[in-house]
Protein chains: 2
Amino acid sequence: MRNIRKSAPGEIAGYPVTAQRRLLLDLIREAGGHIDAKEIYRRASSRDESISLATVYRGLRLFKELGLVDEIRLGEVRGYYEIKRSVEHQHLVCKRCGKVIEFESPLIGEMVAKAQRAYSFNVTKAELYLEGYCQECKKKDS
Amino acid sequence: MRNIRKSAPGEIAGYPVTAQRRLLLDLIREAGGHIDAKEIYRRASSRDESISLATVYRGLRLFKELGLVDEIRLGEVRGYYEIKRSVEHQHLVCKRCGKVIEFESPLIGEMVAKAQRAYSFNVTKAELYLEGYCQECKKKDS
DNA sequence: TTAAGTGCAAAGGCTTTGCAGCATA
DNA sequence: TATGCTGCAAAGCCTTTGCACTTAA
């Protein structure tokens, strides 16, 4: 983990705000939900032909370190990114059609509290991943 | 997903029980907790010099499909395997020392039930991943 | 001006696959 | 005996890195 600079102007605290970084953040914001590096690169390329995949990955790593985006995993595959939101949310994924539902649950907080007490941990991150079949896919399969 | 054969003798239902597969399953059992492909390969090689990494991966894929092992993710890294147990359990990982605590929580069941109702999903898998700092590492860092 | 970012291409990990030979059932 | 597993090596993905050039501050 590199040192993260404190205090700074611009949205990418302490780091140079380049056109590429601005573009990448915009794209992740516009994506609304989760998006992966390849898709970010594809969309970025249509606005800036010369942007490289390496820059996408370097940007994503920086944004993660700064807490601007979260890297999440859906199913077996990690490498999806989304803008960090104030409220933590969890993912429910359909194994057949790939639909992703985001939801919040107060029970998560309870579980974190329990685990902290039981194991004397200081919990900094909690992810719940649920997988199954959505209503339509249940029907289609039967 | 390949077709899984029904009804069969031996522990690897319907599939030939080869020496390699038996060895791999033994190793995963002996590991007790989570173990990754590389480490399985390393340990397997010491008992069977000629076993190949491809066989390890093919075995793991088969065991997963048959429900004999679970593939889990710890932190950013997926690719850990463990013998499937009857009771679902969750993981709590220390970001500093890497210690992994497994725990069970009845709240998971509640959350699954809630999600099923709220989104008409048929939930088949639930994973909770908690990350933070254990007691010792909290002390050391301060 | 100068530390830091960028593009390009090459390299790294991990995982999968094609193929010929071998083994289980 | 016949299906299917194995070892080997090559190929595939995704991600990172080295280097020379460019740019934000």
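Labels below follow one simple rule: chain letters A, B, ... track the order of the sequence lines, proteins then strands, and each chain is numbered from 1. No hydrogens, no waters, no symmetry mates; every other heavy atom, side chains included, goes into these values.
- The CG atom of B:Asp48 sits 17 Å away from the P atom of D:dC5 (whole-angstrom rounding).
- Between A:Tyr81 and A:Asp36 the shortest side-chain heavy-atom distance does not fall below 4.5 Å.
- Under the side-chain contact (heavy atoms from CB on, under 4.5 Å) criterion, B:Glu30 pairs with B:Asp26, B:Leu27, B:Arg47, sequence neighbours left out.
- In this structure, the CG atom of A:Leu62 is 13 Å from the P atom of D:dT16, given to the nearest Å.
- Closest approach to the A:Val17 side chain among C:dG7, D:dC8, D:dA25 is made by D:dA25 (side chain taken as heavy atoms from C-beta onward).
- Between B:Ile83 and B:Leu25, the closest side-chain pair of non-hydrogen atoms falls below 4.5 Å.
- Taking the screw axis at each terminus of the helix from C:dT1-D:dA25 to C:dA25-D:dT1 from five consecutive base pairs, the angle between the two is 50° to within rounding of 10 degrees.
- Spacing between atom OH of A:Tyr41 and atom C1' of D:dT16 amounts to 15 Å, rounded to whole angstrom units.
- Separating the CZ atom of A:Phe63 from the P atom of D:dT15 is a distance of 16 Å, rounded to the nearest angstrom.
- Taking a cutoff of 4.0 Å between a charged side-chain nitrogen and a carboxylate oxygen, A:Arg85 and A:Glu104 do not qualify as a salt bridge.
- Ionic pairing of A:Glu88 and A:Lys125 is not present here: no N-O contact between side-chain nitrogen and carboxylate oxygen is shorter than 4.0 angstrom.
- Salt bridge present: A:Arg43 and A:Glu39 bring a charged side-chain N and a carboxylate O closer than 4.0 Å.
- Between A:Tyr119 and B:Phe103, the ring planes are tilted. Angles from 30° to 60° get that label.
- With respect to A:Glu136 and A:Arg96, no salt bridge is recorded, no charged nitrogen being found less than 4.0 Å from a carboxylate O.
- Atom CG of B:Leu24 and atom P of D:dT6 are 8 Å apart (whole Å).
- If you measure from atom CG of B:Leu66 to atom P of D:dC5, you get 11 Å, rounded to the nearest angstrom.
- A:Gln20 has a side-chain polar atom (N or O) that falls below the 4.0 Å cut-off from OP1 or OP2 of C:dG7.
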For nucleotides 11-23 of chain C, read 5' to 3', which letter fits each nucleotide if B means a protein heavy atom sits under 4.0 Å from the base, S means only the sugar-phosphate is that close, and - means neither?
---SBBBB-----

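- Comment: B:Lys84 does not engage B:Glu71 in a salt bridge, judged by the lack of any side-chain N to carboxylate O separation of less than 4.0 angstrom.
- Look at CG on A:Leu60: it is 12 Å from P on C:dT6, rounded to the nearest Å.
- Rounded to an integer number of Å, the gap from B:Ile51 CD1 to D:dC5 P is 14 Å.
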